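Here the structure comes first, spelled out in structure tokens, and everything after it is commentary.
Excluded from the calculations below are hydrogen atoms, water molecules and symmetry mates; all remaining heavy atoms, backbone and side chain alike, are included. First listed ligand is number 1; within each ligand, the first listed atom is number 1. Given the structure is predicted, the values throughout are model-derived calculations rather than measurements.
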Amino acid sequence: MITTDILIIGAGPTGLFTVFEAGLLKLKCHLIDALPQAGGQCSEIYPKKPIYDIPAYPEILAGDLTDKLLEQCKQFEPGFTLGERAETIEKQEDGTFIVTTNKGTKHQAPVVAIAGGLGSFEPRKPLISNITSFEDKGVEYIIKDPEIYRDKKVVIAGGGDSALDWSIFLSDVASEVTLIHRRNEFRGHLDSVEKVQELKNKGKIKLVTPAEVINIVGHHKVEAVVVKESKDKHIDKEYEIECDHFIPLFGLSPKLGPIANWGLEIEKNAIVVNNALDYQTNIPGIYAIGDVNTYPGKLKLILCGFHEATLMCQSAYQIINPGKRYVLKYTTVAGVDGFDGTRKEAPKAVIKAID
Ligand SMILES: Cc1cc2nc3c(=O)[nH]c(=O)nc-3n(C[C@H](O)[C@H](O)[C@H](O)COP(=O)(O)OP(=O)(O)OC[C@H]3O[C@@H](n4cnc5c(N)ncnc54)[C@H](O)[C@@H]3O)c2cc1C
């Protein structure tokens, strides 16, 4: 059982900034995210895009913003359960909540902050009738640990940045990489497309286009995929490509998912909160902040998530420390005491006569 003060569901920008604000109040946080890395939409959908409306950053790449948020909250030593989806929540007699993930990991906290954004990202699966029977037996929709592909034969399907980038990366890890796409044109960064072209010319990536995988072959695990290649409009060629792994990278679609069944008030796929006070939901002790919530005038912007996280932490403090008063102090005045023993503070004023 993982225990903490505030259990945050979603390690996007809102969840990460919550760790910092909670840390200032000496509250510990643990984050759960269905994705294998932190950053939410910023790292999963648009890491290389510049954002222009983060206060004090005239321009910052979404991936760099994630790195900065991780750096800022590191001193408060957050715990992470990554690559697991928060599935169920149970209220205990002592008022705490137990949240269990799809992999069975249990977390207990007096306060739960749902920072789930548009929901947990579910992979878009290709329409191959027997694909589900090969999941985790050679079929993976998200690459969590590239090392499992070392010296293996890998077939990747897709035509976007993920398919291009992972083909490039795995060309140095796997013994064979085949990239299959239903069109000849790829939709990705120009430098990635050019790099794949270069690796194809060097024989490090096999490119099969326009084509699609129509079946998977194997006893207990993937042994080959059946490919339908359409070199000519009238001539389709079907053949098998031997492989150990088939990785369809067709993007991820967000779904509110299991959180929708937690008894929370939901309006148009978002959680209704009390925005006049503290972003608490209809269940006391459960807050919803960032893109996942709704209230009159709601804007799905990163800076709004930061604001909501800040107010929410003040309210959570009262639940965790009943009866204790918290007096807001500026970080410039009070400094910041990290849970890792670090201390940041502005230089002290000195009293010194000037002749
Ligand atoms: C292309 C694009 C460009 C954008 N540009 C801007 C911009 O310029 N400026 C701006 O302010 N905003 C922009 N946005 C919006 C911005 O990205 C969002 O407002 C922001 O990401 C919301 O942060 P969040 O932390 O609330 O949610 P998210 O970033 O969506 O993170 C939520 C996380 O929760 C996880 N999660 C959800 N449910 C579960 C569950 N049950 N279990 C485990 N994990 C779960 C998800 O996997 C996800 O990682 C843009 C969005 C897109 C798509």
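Ligand 1 places these atoms under 4.0 Å from at least one heavy atom of Ala115: 32 (C), 33 (C), 34 (O). Taking every non-hydrogen atom of Gly290 and a distance limit under 4.0 Å, the qualifying atoms of ligand 1 come out as 26 (O). With ligand atoms numbered from 1 in the order given, ligand 1 contributes 30 (O) to contacts under 4.0 Å with heavy atoms of Leu118. Residue-ligand proximity, Ile302 to ligand 1, at heavy-atom distances under 4.0 Å covers atoms 10 (C), 11 (O), 12 (N), 16 (C), 19 (O), 20 (C). Ligand 1 places these atoms under 4.0 Å from at least one heavy atom of Ile32: 43 (C), 44 (N). Counting atoms of ligand 1 from 1 in the listed order, those under 4.0 Å from a heavy atom of Ile51 are 7 (C), 8 (O), 9 (N).
Residue, atom and distance of the protein heavy atom nearest to atom 14 (N) of ligand 1 are Tyr46 OH, 3.2 Å. Closest to atom 38 (N) of ligand 1 among all protein heavy atoms lies Ser120 N, 3.2 Å. Protein heavy atom in closest approach to atom 27 (O) of ligand 1: Gly117 CA, 3.2 Å. The protein heavy atom nearest to atom 18 (C) of ligand 1 is Asp291 OD2, 3.2 Å. Scanning all protein heavy atoms for the shortest distance to atom 25 (O) of ligand 1 gives Thr14 N, 3.0 Å. For atom 41 (N) of ligand 1, the closest non-hydrogen atom on the protein side is Ala86 O, 3.2 Å. Protein heavy atom at the shortest distance from atom 9 (N) of ligand 1 is Asp53 OD1, 2.8 Å.
Side-chain atoms of Tyr326 and Gln314 include no donor-acceptor pair closer than 3.5 Å.
Among the atoms of Gln41, some N or O lies under 3.5 angstrom from an N or O of ligand 1. Considering backbone and side-chain atoms together, Asp33 places an N or O closer than 3.5 Å to an N or O of ligand 1.
Of the listed options Pro13, Gly10, Gly12, Pro13 places a heavy atom closest to atom 23 (O) of ligand 1. Closest heavy-atom approach to atom 37 (C) of ligand 1 within the set Gly119, Cys42, Ser43, Pro258: this belongs to Gly119.
By the 4.0 Å heavy-atom criterion, Glu87 is excluded from the residues contacting ligand 1. By the 4.0 Å heavy-atom criterion, Gly305 is excluded from the residues contacting ligand 1.
The 12-atom threshold is not exceeded at CG of Asp136, counting heavy atoms of other residues, nucleotides or ligands nearer than 6.0 Å.
When the options Val155, Leu170, Ile142 are evaluated for a side chain to side chain contact (heavy atoms under 4.5 Å, CB included) with Ile247, the one that passes is Leu170.
The backbone N or O of Leu311 sits nowhere less than 3.5 Å from a side-chain atom of Ser315 that would complete a donor-acceptor pair. A donor-acceptor pair under 3.5 Å links the side-chain atoms of Lys28 to the main chain of Glu77, judged by distance alone.
For Leu199 against Ser171, the heavy-atom pair with the smallest separation is CD1-OG, 3.7 Å. For the residue pair Pro146 and Phe169, the shortest heavy atom distance occurs at CB-CE2, 3.5 Å. Taking all atoms of both residues into account, the shortest heavy-atom contact from Asn293 to Tyr279 is ND2-CD2, 3.9 Å.
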- Run the numbers on Thr100 and Lys106 for side-chain hydrogen bond (donor to acceptor under 3.5 Å, both in side chains), then give the verdict. CA-CA 5 Å; Thr100 308; Lys106 290 189 180 294; 3.2 Å; yes
